[in-house]
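The structure under discussion appears below in the form of structure tokens.
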Amino acid sequence: MDPILLFFATFFPLLSLAFLIFYKKSNYASNPNLPPGRMGLPYIGESIEYLLTGRRGHPEKFLKDRMAKYSSQVFKTSIFGEPMAVVCGAVGNKFLFSNENKLVTSWWPDSVNKIFPSSTQTSSKEESIKMRKMLPNFLKPEALQRYIGMMDMIAQRHFEASWEGKQEITVFPLAKRYTFWVACKVFLSIEDPVHVSKLADLFNALAAGIITVPIDLPGTPFRRAINAAETTRKELMAIIKQRKMDLAENKATPDQDILSHMLLATDEKGQYLNELNIADRILGLLIGGHDTASATVTFIVKYLAELPNIYNEVYKEQIEIARSKKEGEMLNWEDIKKMKYSWNVACEVMRLAPPLQGAFREAITDFTFAGFSIPKGWKLHWNVNSTHKNPECFPEPEKFEPARFEGSGPAPYTFVPFGGGPRMCPGKEYARLEILVFMHNVIKRFNWEKLIPDEMIIVDPLPMPAKGLPVRLLPH
């Protein structure tokens, strides 16, 4: 039996006693103009169905069923113990992204706040605002160009060690190994395989428990995530202290990686960032730059195996770049700019298998949307599937068609794998480089075929093939 279902079945009588508290907190009883929908069970809400539809391979079902039954623009529900309005479609995306810090602010479930306890503190929120202003400078294309050769070098070493000479491999765990190795090098200048592997084990436990029901009991994913976060934070604090000493003694350079940038950056008042907050931001960057990209490159391998005509077009583009390189010459910015079709393919993969399902906001004042009232304190959720799988936004949405991204591309606010507005993922360009470097290196070495033709896809919380996508390699 699923552990989440077992927990709720065991403790439901106790949770039911929380109904009056929940009912009062939600304030939906006194407001007749709330969006249509249902709040589900007391306190539990519809969290079980929200999580299990993803684990059963159909994350869009939760959304589509309610959009069809209640409203295609907004419906109410309760997820993670919170009354919530789910806004849908390009209009809903635009509304939320455009009203950041005006009507809404960022919000994450309690599971995230308990794993990152400093995120609830005022001083840390101020530090996070500083960091969010600085991150685009660290992660903009001009700053990242210097890392392309480094990413290519790691990719080459990764394929030599883990792919070449093998008849069959399982893609997803190897993709995670590649993206984490790149992240450790770009963010922290760590490339020793033993050290990278040690950190990777911690991050896998952390990522598995971040977006889950916060059951803090021994053996649960949430407890393992808390423990992993504490251990990782100590590791990062030790790395930060050593780096500060190395910078002071000129043993490290100011521009060698993201950590050096963060340690030397100051705000408009000339103040440096707090060390603990830097550790948490690096933690977040490693998670964001590791799991989401590994999911995307895994699905790129999946779709290229299923669509030989698409594979052939990517191969033509990448082999032309490979043939233009001298022996031992690494990829550079000019090469990346030539990978237009490959990036269109990657975008279509992210449309069909988005690495994140969406994000959450909190109403900081009462407001109306689509004619319905959203009370202050309510949570809001936007979900990629309200547009990515919507025929009004993408005709024949189940069809794989990279041409959707040619020219000016999809209509605004319809393709949102990186979010949008002031809180658009600052790592978008980093992810693009990491993905394209992977595509170049895998395509020029191999073709492949899936070993499980109808392998199920689950979302927990990232999309992944249920068996990790085993493939048979066909070297060129």
Side-chain angles (χ1 to χ4, degrees), residues 130-158 175-191 196 199 203 236 239 243 247 252-265 273 278 281-297 300 317-318 321 325 329-347 349-350 355-356 405 417-420 422-442:
K130 291 181 194 174
M131 186 66 74
R132 188 138 197 111
K133 290 178 180 177
M134 294 177 182
L135 277 177
N137 292 326
F138 304 147
L139 299 173
K140 62 187 178 183
E142 310 89 85
L144 288 169
Q145 288 179 27
R146 74 187 71 173
Y147 299 122
I148 295 170
M150 181 191 301
M151 291 179 178
D152 190 22
M153 177 195 70
I154 289 172
Q156 292 183 32
R157 291 168 62 183
H158 168 75
K176 292 175 76 172
R177 189 180 301 175
Y178 160 74
T179 58
F180 195 70
W181 194 353
V182 170
C184 285
K185 178 65 174 174
V186 173
F187 298 149
L188 298 168
S189 294
I190 295 173
E191 57 182 310
V196 171
L199 288 173
F203 272 89
L236 291 176
I239 292 169
R243 177 62 59 82
L247 286 167
T253 60
D255 60 355
Q256 75 180 49
D257 56 26
I258 303 292
L259 177 58
S260 283
H261 279 289
M262 288 183 175
L263 286 170
L264 295 173
L273 294 162
I278 289 177
R281 297 288 77 72
I282 290 286
L283 203 56
L285 284 171
L286 284 168
I287 294 169
H290 163 42
D291 265 10
T292 52
S294 60
T296 297
V297 297
I300 287 171
E317 182 174 81
Q318 294 297 346
I321 293 169
K325 309 299 289 181
E329 184 183 356
M330 298 294 174
L331 291 173
N332 57 41
W333 182 241
E334 292 304 312
D335 299 320
I336 295 293
K337 289 195 293 186
K338 295 174 185 175
M339 300 181 188
K340 291 184 174 62
Y341 183 79
S342 297
W343 184 240
N344 288 347
V345 169
C347 288
V349 168
M350 288 187 284
L356 290 177
F405 296 90
F418 299 101
R423 296 199 66 82
M424 177 179 280
C425 174
K428 175 183 177 181
E429 188 62 26
Y430 168 84
R432 187 171 83 95
L433 298 181
E434 183 177 35
I435 290 165
L436 288 174
V437 168
F438 178 91
M439 291 179 74
H440 175 80
N441 277 279
V442 73

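Please read these numbers as outputs of a predicted model, since none were measured by experiment. FYI, side chains are in, hydrogens and waters are out, and symmetry mates aren't considered; it's all heavy atoms of this structure.
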* **Minimal non-hydrogen separation, Leu286 against Phe187, with atom names** => CD2-CD1, 3.6 Å

* Quick one: are Met153 and Glu191 in side-chain contact, heavy atoms under 4.5 Å? -> yes

* Considering only heavy atoms from C-beta outward, does the side chain of Asn332 approach that of Lys325 to under 4.5 Å? -> yes

* Asked: Is a side-chain N or O of Asn441 found less than 3.5 angstrom from the main chain of Val437, in a donor-acceptor match?
  -> yes

* To do: Drop me the distance from Ile435's CD1 to Thr179's OG1, to the nearest 0.5 angstrom.
  => 10.0 Å

* Mutual orientation of the aromatic rings belonging to His158 and Tyr178 [parallel < 30°, tilted 30-60°, perpendicular > 60°] -> tilted

* Sidechain-backbone polar pair: Glu317 side chain, Ser342 backbone, donor-acceptor under 3.5 Å -> yes

* Asked: Has the side chain of Ser260 got a donor or acceptor atom that lies under 3.5 Å from a matching backbone atom of Thr253?
  -> yes

* **Reported CG-to-CG distance for the pair Leu264 and Leu259, which is rounded to 0.5 angstrom** => 9.0 Å

* Mind listing the closest non-hydrogen atom pair of Tyr430 and Ala183 along with its distance? => OH-CA, 3.3 Å

* Asked: Between Arg243 and Leu188, is there a donor-acceptor pair closer than 3.5 Å when you use the side chain of the first and the backbone of the second?
  -> yes

* Just by modelled atom types, is the Met330 backbone N or O under 3.5 Å from a matching donor or acceptor in the Asp152 side chain? -> no

* To do: Report the C-alpha separation of Met350 and Phe418 in whole Å, then their side-chain angles, then the decisive distance to 0.1 Å, and conclude whether the side chain to side chain contact (heavy atoms under 4.5 Å, CB included) test is met.
  => CA-CA 10 Å; Met350 288 187 284; Phe418 299 101; 3.9 Å; yes

* Asked: In Å, rounded to the nearest 0.5 Å, how long is the span from CD1 of Ile321 to CG of Leu436?
  -> 9.0 Å

* Check whether any side-chain heavy atom of Asp255 lies under 4.5 Å from a side-chain heavy atom of His261, and answer yes or no. => yes

* To do: Working to the nearest 0.5 Å, report the span between CG of Leu144 and CE of Met151.
  => 6.0 Å

* Asked: For Arg146, what residues pass the side-chain hydrogen bond (donor to acceptor under 3.5 Å, both in side chains) criterion, not counting sequence neighbours?
  -> none

* Distance from Met439 atom CE to Tyr341 atom OH, nearest 0.5 Å? -> 9.0 Å

* To do: Apply side chain to side chain contact (heavy atoms under 4.5 Å, CB included) to Ile282 and Met262, showing your working.
  => CA-CA 9 Å; Ile282 290 286; Met262 288 183 175; 3.9 Å; yes

* Structure fact -> The reported gap from CD1 in Ile154 to CD in Glu434 (rounded to nearest 0.5 angstrom) is 9.5 Å

* Structure fact -> Residues at least two apart in sequence or cross-chain that pass side-chain hydrogen bond (donor to acceptor under 3.5 Å, both in side chains) with Thr296, listed by chain then number, are none

* **Any Phe203 side-chain heavy atom under 4.5 Å of Leu283 side chain** => yes

* To do: Kindly give the heavy-atom pair with the smallest separation between Glu429 and Arg432, and that separation in Å.
  => OE2-NH2, 2.9 Å

* Asked: Does some side-chain heavy atom of Gln318 sit less than 4.5 Å from a side-chain heavy atom of Met339?
  -> yes

* Asked: Can you name the closest pair of heavy atoms from Leu331 and Ile148 and give their distance?
  -> O-CG2, 3.5 Å

